Amino acid sequence: MNRQFISQQITGELIDKLKNDPKDFSSFLQNQNDGIIIYVLEKLGKLENGYSKEPLQNLLNHSNENIRALSIKNLAKIQDINLLPTFIKYASIDESTIVRREAVSAIGRLRNEKAIPALINFLKDKDPKVIMQAIRGLLVFSSNSNVKNELKKLLNHPNELIREVINKEINGVQYQSKSQQKHDEFPEFLKNTVVHGDVQEIIKYVPDESVHLTFTSPPYYNARDYSIYQSYDEYLNFLERVFKQVHRVTKEGRFLVLNTSPIIIPRISRQHASKRYPIPYDIHPLLIKMGWEFIDDIVWVKPEASVKNRNAGFLQHRKPLAYKPNAVT
Ligand SMILES: C[S@@+](CC[C@H](N)C(=O)[O-])C[C@H]1O[C@@H](n2cnc3c(N)ncnc32)[C@H](O)[C@@H]1O
């Protein structure tokens with residue numbers, strides 16, 4: 001059943017009516033399919049302290065993990081410290097990671113000192129997302145010296161996001177701009193300027209942290225006559241040098257958009273194989289190492305395949321291992 005169909009059947013008024021009558025709500029939830037229960041739980045809205053817990057508690061052993069997680073999410077809205085043992089139980093024993101995460105989040109959302117020992121306990125969890133929820137709950141009490149000490153223990157945690165959050169919260173490590181300029185200012189001489197030259201020379205004249213966006217389509221490795229390099233290593237070194245400079249000139253929190261794709265160097269004869277170079281995948285770790293943060297990839301679907309008829313052999317003899325799709329980017 002799709003959501004549009006459900007939304008026609010289960011109106012806001014019906015949800016409000018059910019919410020205000022726990023008995024009706026319980027029996028309604030028992031007789032509906034998973035899709036409807038999820039829809040209702042998502043639309044339940046605010047629940048005041050003192051709201052009847054029973055209809056939601058009845059769902060905590062439901063076979064569907066999303067229903068269990070949403071029940072906990074809604075129970076957390078009631079802000080009832082008596083629910084702490086329930087949240088601890090499901091955070092500890094549920095086999096689903098989304099339920100455990102939601103339960104630890106619910107413990108944190110109680111914002112009650114009584115929850116501190118349980119949250120500290122979940123800092124040792126195997127799942128980094130559970131730990132993150134426990135950290136979030138504990139940060140409310142970060143002035144408490146015991147909490148602070150426990151959080152400090154995570155400074156060398158194997159997970160990089162946990163280390164980053166703890167470092168920021170405990171050591172107050174935050175980016176400090178070296179530039180005197182305001183974020184929306186940049187040197188006048190860069191305004192509407194077109195430069196013809198080798199990027200490696202030209203970029204030296206661009207001051208640190210003066211650029212908001214670089215959008216570039218660098219040469220593809222030996223695919224055209226303007227891009228001839230002795231080796232793939234030399235090519236990657238060139239890109240690495242340039243993008244380090246681009247990082248230097250970019251303002252904090254601003255962007256580099258890199259248009260690139262794998263390329264094929266065709267075989268020299270039928271006795272040899274062509275070679276495919278995965279440029280985006282090879283440049284990516286270099287970019288991360290020099291300080292760029294990955295935001296997203298955008299797939300450019302061009303109307304024409306960039307390398308056509310790569311599956312001609314397959315079309316003749318239909319041997320599956322010979323299948324090569326035509327690349328569209
Ligand atoms: C894939 S093309 C991108 C073309 C560009 N999108 C355009 O529409 O003009 C790569 C371009 O980089 C230029 N190029 C190659 N090496 C360069 C360098 N060291 N400095 C500046 N430009 C360079 C090439 O001349 C080519 O125009």
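Computed from a predicted model, the values in this text were never measured in an experiment. Read the numbers this way: they start at 1 and go in the same order the structure lists the ligands and their atoms.
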Exercise for the section: Would you check the N or O atoms of Asp198, main chain and side chain alike, for any that come under 3.5 Å of an N or O of ligand 1? Expected result: yes

Problem - Atom CZ of Arg241 with >12 non-hydrogen neighbours under 6.0 angstrom - result: yes

Practice task
Quick one: list whatever passes salt bridge (charged side-chain N to carboxylate O under 4.0 Å, His left out) with Lys204, sequence neighbours left out.
Solution key: Glu201

Exercise for the section: Please determine if Glu150 and Lys153 form a salt bridge, counting it only when a charged side-chain N lies under 4.0 Å from a carboxylate O. Expected result: yes

Handout entry: Those atoms of ligand 1 less than 4.0 Å from some heavy atom in Gly197
Key = 20 (N), 21 (C)

Problem - Ligand-residue contact atoms, ligand 1 with Pro218, heavy atoms, under 4.0 Å - result: 1 (C), 10 (C)

Practice task
Go through ligand 1 atom by atom and flag the ones less than 4.0 Å from a non-hydrogen atom of Phe238.
Solution key: 19 (N)

Problem - Results of side chain to side chain donor-acceptor pair (under 3.5 Å) for Arg68 - residues two or more places apart only - result: Asp94

